Each structure stands twice: as structure tokens, then as C-alpha cells.
Amino acid sequence: MSAAPVTGPAAGSPLARFGLGTAAVGRPGYITLGRELDLPADRSVEALRERTHALLDAARAAGVRYIDTARSYGRAEEFVGDWLRERPQAAADMTVGSKWGYTYTADWRASGVPVHEVKEHSTAVLDRQIKETLESLGRYPDVYLVHSVTPDSPALTDPVLHGRLAELAAEGVRIGLSTSGPAQAAAVRAASEVVVDGRPLFAAVQATWNLLEPSAGPALAEVHTAGWLVVVKEGMANGRLADRNATGPDTAGLRALAARTGASCDALALAAAAAQPWADIVLSGAATADQLASNLTAAHLALGPAELAGLAPLAEPAEAYWRTRAALPWA
């Protein structure tokens, strides 16, 4: 199975390799650094619906053709579905990826919530959430991912669940997984071995890869060669690689390259992800129009071997990276 095609006037555009994620704007709370600077004081449903639609409009106008959302992103699926229904041409030319397996539990609060989302990779949750996704989007997603799979997830071993996912695949939905944690590579490789009726079940992955956490790269290259769609998430490390936050000694190489090239740190971080030959789509997690515009300049930055080698020392041990991420506050 080949990667999801891009159609329409954006086909062949460098922007077609970039997507817009909705994790930061589909709910009032998230773990991106500097979030209090990015969103209005009014984080009502209508305010964030308006922000999401404005970002989707700007992304599509720029040439982006991939949208990422999830059941656990508050009301993001609903916002995306409303936007698609109001814009029939966008519905025809945008590829929509969504995720199931986490249930949003924050009740539209940004902080002070013991648990913002609860993970369960079961057939019961799949059956409930695919119905919710259909209701929100008004259609099956083009790509449907098991959310945040780790090597111990039942999504890798439950034959009943595999059968239900295979039924969705038979409807034309590309089935895959997103990964998180220091063992992303192991989860991806385990998923590549799951077979239903003699055919591989999974054909897509959305994984964290960035200059600080590149450990999944070899496994992503393997499944890309096998025909999987590979989507890169968290290319800016939840804001750690944004200009306003990339101020410490750990990001000195990124700042130096930004100074030499005149490019922003965020654009260089995303360009580094796009320079990986296995990366089909690189997500922007922008929460403002200015962030999106800056992120998308990455499409016009060609980083060569020398630049990428100069950025390689930014990499942290995977365990340390994920400990830092786990400590980021919801705000």
C-alpha cells in the first residue's frame, strides 16, 4: 500500500508534505510551552472553533492537504467536521487522519484536572469512538490510528480488536498507530508483524521524531520502505524547539544555524524532520496564524548532510526526553 495521495492543485507542492495538527486548539488545555501567549483569555468552545477554522483555512490556502485530529483532542474532531461540511471543496481535497484509544476527561478545563485523558485500547472503546468520529467528521477518516501505542499495548496482541480494525480497512480506511515513549521503535516493529487473514493490518504510523528525540528513525525507515504512510508529530518537541524556548545550551546548534541562515528555529526543526527520506507528512502544531506561517517556511528550506550533522548533537537519550515531556504542565 502506498502513501495517501495528495490531489488537487497542491499535488507536487513542497507544502503537500506538511500537515496541520489540532491538538493545541481543539481543547483549552495542552502541554505546549508558552501556551498562555498563544491562545485568547477566552478559551470557550466557540473561540477555539473559530481559531481552528482560521488555521485550517490558512493551512489549506498555503497548500497543506493533511489534517490530524483525535477523539481525545477535546472537540477538535467536531471542529474539523464542521469546517469540512462548510467547505465542500476542502472536503474533497483534504486527507483527514484521526485517532482513537484515548477518552477526553478534562470537561473543557485547561488546568486543575487530575486526568485530562484516559487510554484504553479495547474493542469496546474502538466501537464507541468510531461512531463518535463518524458523527463528528461526517465520514470515515482517511487514516485511523490507535492512539499512543507502546510495546505493551493490547492493540498489538488482541485478535478480536485486529479483526474489527481489519473490517474498517476493508471499508477503505488506512489503519495505523501513533506511538509515544522511549520504545517507539519497538512498538512500530511489533505492529509491522501484525497480520490478519494473511495481510498486514497496519499501514500508517504517526510518531514523535525531532532533533531532541530521533530514536524512532530507523524503524520508521523500515516501515516506510514497506509502504506505510509515515507522519511525524511533535517535530518541535512541544515547543522546546521554538525560538522563544530554544535558549539553553542544549539547543545552541539550532540557534547557530538559525543565525547563519536567517531561518527561524521552528522552521529549521521542521525542515530537519522533512529532510528524513522516510517522512511523508510533517505536522505543524501551530496555535496561531503567525506560528503556522513560520512553520510552513520549512517547506522551502533544504537542509543538506552538513547542516543535519551539525544538528545531530541536539539529540537526548530517549528516556530523558520522555521524562522531560511527562513533566510539562497542562495549561
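This is a predicted model, so every value here is computed, not measured.
- Linking Ile, Leu, Val, Met, Phe, Trp and Tyr residues whenever their side-chain heavy atoms come within less than 4.5 Å places Leu48 and Tyr104 in a single cluster.
- With sequence neighbours excluded, the residues satisfying side-chain contact (heavy atoms from CB on, under 4.5 Å) with Ser122 are Glu120, Ala124, Val125.
- Across Ile281 and Gly19, no two heavy atoms sit closer than the pair CG2-N, 3.7 Å.
- Residue Leu308 is grouped with residue Leu212 when hydrophobic side chains (ILVMFWY) are merged at heavy-atom distances under 4.5 angstrom, including chains of intermediate members.
- Arg51 places no side-chain N or O within donor-acceptor distance of the main-chain N or O of Gly26, the cut-off being under 3.5 Å.
- A salt bridge is absent between Arg17 and Asp280: the closest approach of a Lys/Arg side-chain nitrogen to an acidic carboxylate oxygen does not fall below 4.0 angstrom.
- Between Asp38 and Arg244 a salt bridge is recorded (basic side-chain N to carboxylate O distance below 4.0 Å).
- Counting heavy atoms from C-beta on, the side chains of Arg27 and Arg75 never come closer than 4.5 Å.
- Note that CZ of Arg71 and OG of Ser98 are 7.5 Å apart. Values are rounded to the nearest 0.5 Å.
- Rounding to the nearest 0.5 angstrom, the gap separating the CG atom in Leu268 from the CZ atom in Arg255 is 13.0 Å.
- Side-chain atoms of Thr288 and Asp290 include no donor-acceptor pair closer than 3.5 Å.
- Trp330 and Leu39 fall into different hydrophobic clusters, defined by Ile, Leu, Val, Met, Phe, Trp and Tyr side-chain heavy atoms under 4.5 Å apart, directly or through other members.
- Other residues, nucleotides and ligands place more than 12 heavy atoms under 6.0 Å from the CD atom of Glu167.
- One N or O on the side chain of Glu307 and one on the backbone of Gly304 form a donor-acceptor pair closer than 3.5 Å.
- Proximity of Pro141 to Leu137: side-chain heavy atoms (C-beta onward) are separated by under 4.5 Å at one or more points.
- No more than 12 heavy-atom neighbours from other residues, nucleotides or ligands sit within 6.0 angstrom of CG on Asp197.
- No donor-acceptor pair closer than 3.5 Å links the side chain of His116 to the backbone N or O of Gly29.
- Here the closest non-hydrogen pair linking Leu165 and Ile175 is O-CG1, 3.6 Å.
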When you look at Arg43 and Glu36, which way does the salt bridge (Lys or Arg N to Asp or Glu O under 4.0 Å) test go after all the steps?
-> CA-CA 11 Å; Arg43 297 189 193 179; Glu36 70 282 357; over 6 Å; no
Kindly determine whether Val195 and Leu201 satisfy side chain to side chain contact (heavy atoms under 4.5 Å, CB included), including the steps that lead there.
-> CA-CA 5 Å; Val195 174; Leu201 174 61; over 6 Å; no
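- The shortest distance between side-chain heavy atoms of Tyr140 and Ile130 falls below 4.5 Å.
- Side chains of Asp93 and Arg65 form a contact here, defined as non-hydrogen atoms less than 4.5 Å apart.
- Residues Glu86 and His53 meet the side-chain proximity criterion, which asks for heavy atoms closer than 4.5 Å.
- We find that Glu213 and Arg325 are not joined by a salt bridge, their nearest charged nitrogen and carboxylate oxygen being 4.0 Å or further apart.
- Salt-bridge annotation for Arg128 and Glu132: present, with a side-chain N of the basic residue lying under 4.0 Å from a carboxylate O of the acidic one.
- What you find for Leu145 and Ala204 is that their closest heavy atoms are CD2-CB, 4.0 Å.
- Thr133 and Glu77 share a donor-acceptor pair across their side chains, judged by distance under 3.5 Å alone.
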Can you list the steps and then say if Gln184 with Thr179 is a side-chain hydrogen bond (donor to acceptor under 3.5 Å, both in side chains)?
-> CA-CA 6 Å; Gln184 289 189 104; Thr179 59; 2.8 Å; yes
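- Atoms CG and OG, from Asp266 and Ser284 in turn, are 8.5 Å apart once rounded to the nearest 0.5 Å.
- Comment: Asp57 engages Arg87 in a salt bridge, judged by a side-chain N to carboxylate O separation of less than 4.0 angstrom.
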Step-by-step side chain to side chain contact (heavy atoms under 4.5 Å, CB included) determination, Tyr321 to Thr208 | CA-CA 11 Å; Tyr321 174 87; Thr208 294; 4.1 Å; yes
Kindly determine whether Phe79 and Glu50 satisfy side chain to side chain contact (heavy atoms under 4.5 Å, CB included), including the steps that lead there.
-> CA-CA 9 Å; Phe79 297 166; Glu50 181 178 343; over 6 Å; no
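- Following chains of ILVMFWY side-chain contacts shorter than 4.5 Å, one cannot reach Tyr102 starting from Tyr144, and the two form parts of different hydrophobic clusters.
- A heavy-atom distance below 4.5 Å is found between the side chains of Trp83 and Arg60.
- Here the side chain of Ser153 pairs no donor or acceptor atom with the backbone of Thr150 at under 3.5 angstrom.
- Lys233 and Asp68 are not joined by a salt bridge, as no carboxylate oxygen comes within less than 4.0 angstrom of a charged side-chain nitrogen.
- Trp228 and Ser192 make their closest contact through CZ2-CA, 3.7 Å (heavy atoms, listed as atom of the first residue, atom of the second, distance).
- Interatomic distance, Tyr66 OH to Thr95 OG1, rounded to the nearest 0.5 Å: 7.5 Å.
- In this structure, CH2 on Trp209 lies 10.0 Å from CG on Leu220, to the nearest 0.5 angstrom.
- A 4.5 Å side-chain heavy-atom check between Lys99 and Val146 finds every atom pair outside the cut-off.
- Taken from CG in Leu161 to OG1 in Thr123, the straight-line distance is 4.5 Å, to the nearest 0.5 Å.
- Counting only distance, with no hydrogens or angles, the side chain of Arg139 and the backbone of Ala91 share a donor-acceptor pair below 3.5 Å.
- In plain terms, the two heavy atoms of Leu311 and Leu254 that are nearest each other are CD2-CA, 3.8 Å.
- Put simply, the side chain of Thr105 gets close to the backbone of Val115: a donor and an acceptor are under 3.5 Å apart.
- At least one donor-acceptor pair closer than 3.5 Å links the side chain of Trp322 to the backbone N or O of Gly181.
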Passes side chain to side chain contact (heavy atoms under 4.5 Å, CB included), Glu193 versus Phe202? Steps please.
-> CA-CA 9 Å; Glu193 297 176 359; Phe202 295 111; over 6 Å; no
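- Under the 3.5 Å distance criterion, the side-chain polar atoms of Asp142 are matched with a main-chain donor or acceptor of Val96.
- Side-chain atoms of Thr251 come within 3.5 Å of backbone atoms of Gly248 as a donor-acceptor pair (strictly under, hydrogens ignored).
- When all heavy atoms of Gly21 and Leu283 are compared, the pair lying nearest together is N-CD2, 4.4 Å.
- Linking Ile, Leu, Val, Met, Phe, Trp and Tyr whenever their side-chain heavy atoms come within less than 4.5 Å leaves Leu33 and Val25 in two separate clusters.
- Defined by atom type and a distance below 3.5 Å, a donor-acceptor pair is present between the side-chain atoms of Thr22 and Thr69.
- The main-chain N or O of Ser264 is never found under 3.5 Å from a side-chain atom of Asp243 such that the two would form a donor-acceptor pair.
- Leu55 is listed as a side-chain neighbour of Leu20, based on a closest heavy-atom distance under 4.5 Å.
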